[in-house]
Amino acid sequence: MRDFISDKIKNIKPSGIRKFFDIARTIPDCISLGVGEPDFDTPWHIAEEGIYAIESSKIFYTSNQGLLELREEISKWNKRKYNLSYSPDEIIVTTGGSEAIDITLRSIINPGDEIIILEPSYVSYEPIVILSGGIPKIIKLKNENSFKLTKEELQEAITPNTKALLINYPNNPTGAIMDENDLLKITDIIIKNDLLVISDEIYSELTYGKTHTSIGSLEGMRDRTITINGFSKSFSMTGWRLGYLMGPKVIVDEIKKIHQYAIMCAPTISQYAGIEALKKGDNDIENMKAEYNLRRNYLLNELKRLNIPCFVPEGAFYIFPDIHKFNKSSEDFATDLLKREHLVVVPGTAFGSSTDSFIRISYAYSLDSLKEAMKRLERYINSINS
Ligand SMILES: Cc1ncc(COP(=O)(O)O)c(C=O)c1O
């Protein structure tokens, strides 16, 4: 038989995160700190709206762009929280933030366009840029800059072929944020070079101490920013597959074509639940955030006690310790830790080659699991130190 698979897809590597989960599944007493998925149940009043949608037969396709009532709530919520000004017709409700990333990149890339991606970064960006015919231009962020993008780094990466900058703050995997001052340092360069910004703000509600600033709310940025957000992380709704993108109508109308043909509409039942989340979910977010913050502080203290250097994350639910002193690649460290102590962490290389001396620990797990995990980590590092 012929080889039916395209060369483009053959050259894409499978996600470096999944491999570890597959091994972990075969080990009964394994503790995983690998997955970036909230461990809380979806708040019941939100889930109930989904159930009610089924009971009352609201189970048909919605308009391609999503229920108007949901888009109105998304518009109001983002105005209230981040001073973003996008009207309901400038919003597309998507099947998770994942779809929003995909259709935005596919809509803007011509062959050979360069898209700036910050490393370490979420695993989907680079493959989707490549599949869309674009060229990922990687900026390797530095631990000493707290994994923020500096204006010098940005300026240096721009060429005449640069079309867009893709950013993700609060960040997966580092937990870094860029506050208003940090963002204001790069907006001049973005505007001067006429770039589009794709801002994945899926963790916008999870910041500890500082409030999130949305780059699209800053002067001169609204019409050159596509903001991506969703319900998975803030409302613990990963399986509901609900997200959205917001941007100027001229761009959103084009992105909508792919969404129409590929997806039709985001899950209807989830859209009804999403309305409830935005209207009445503020307390749920605060409660979950308080719990994440406890876990974050616990892990920071533990890593300090174990003498493992770690930059202080101010957002998301990840911590990104520096393991270079153990003289092992992150892949070897994670594999060894899994085999010997039955503990899953993700090697830094899953998020880019420049972060081989880091591991990602997710604290979207109960404090009890984290406590047991830290015992195992301690035992492991004692065994390799001795
Ligand atoms: C940075 C980032 N963006 C987007 C997503 C996708 O989220 P979802 O498709 O569940 O909205 C994730 C999930 O882990 C993520 O970490």
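All values derive from a computational prediction rather than experimental measurement. Counting convention: from 1, in listed order, for ligands and their atoms alike.
- The aromatic rings of Y244 and F231 sit perpendicular to each other, their planes meeting at more than 60°, with 30° as the lower class boundary.
- Classification of K279 and E276 as a salt-bridged pair fails, no side-chain N sitting under 4.0 Å from a carboxylate O.
- In summary, the side chains of T268 and Y61 do not present any donor paired with an acceptor at a separation below 3.5 Å, with no hydrogens or angles considered.
- The pair K371-E302 does not meet the salt-bridge criterion, since no charged nitrogen lies less than 4.0 angstrom from a carboxylate oxygen.
- Taking the six-membered ring for Trp and thresholds of 30 and 60 degrees, Y363 and F317 have ring planes more than 60 degrees apart, a perpendicular arrangement.
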Does ligand 1 have any N/O atom under 3.5 Å from a protein N/O, and what are those pairs and their distances?
from     : atom 1 : to   : atom 2 : distance (Å)
ligand 1 : 3 (N)  : D200 : OD2    : 2.6
ligand 1 : 9 (O)  : G97  : N      : 3.2
ligand 1 : 9 (O)  : S98  : N      : 3.0
ligand 1 : 9 (O)  : S98  : OG     : 2.5
ligand 1 : 9 (O)  : R241 : NH2    : 2.8
ligand 1 : 10 (O) : S232 : OG     : 2.7
ligand 1 : 10 (O) : R241 : NH1    : 2.8
ligand 1 : 11 (O) : G97  : N      : 2.6
ligand 1 : 11 (O) : S232 : OG     : 3.3
ligand 1 : 14 (O) : K233 : NZ     : 2.7
ligand 1 : 16 (O) : N172 : ND2    : 2.8
ligand 1 : 16 (O) : Y203 : OH     : 2.7

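- No more than 12 heavy atoms of other residues, nucleotides or ligands shown are found within 6.0 angstrom of NZ on K304.
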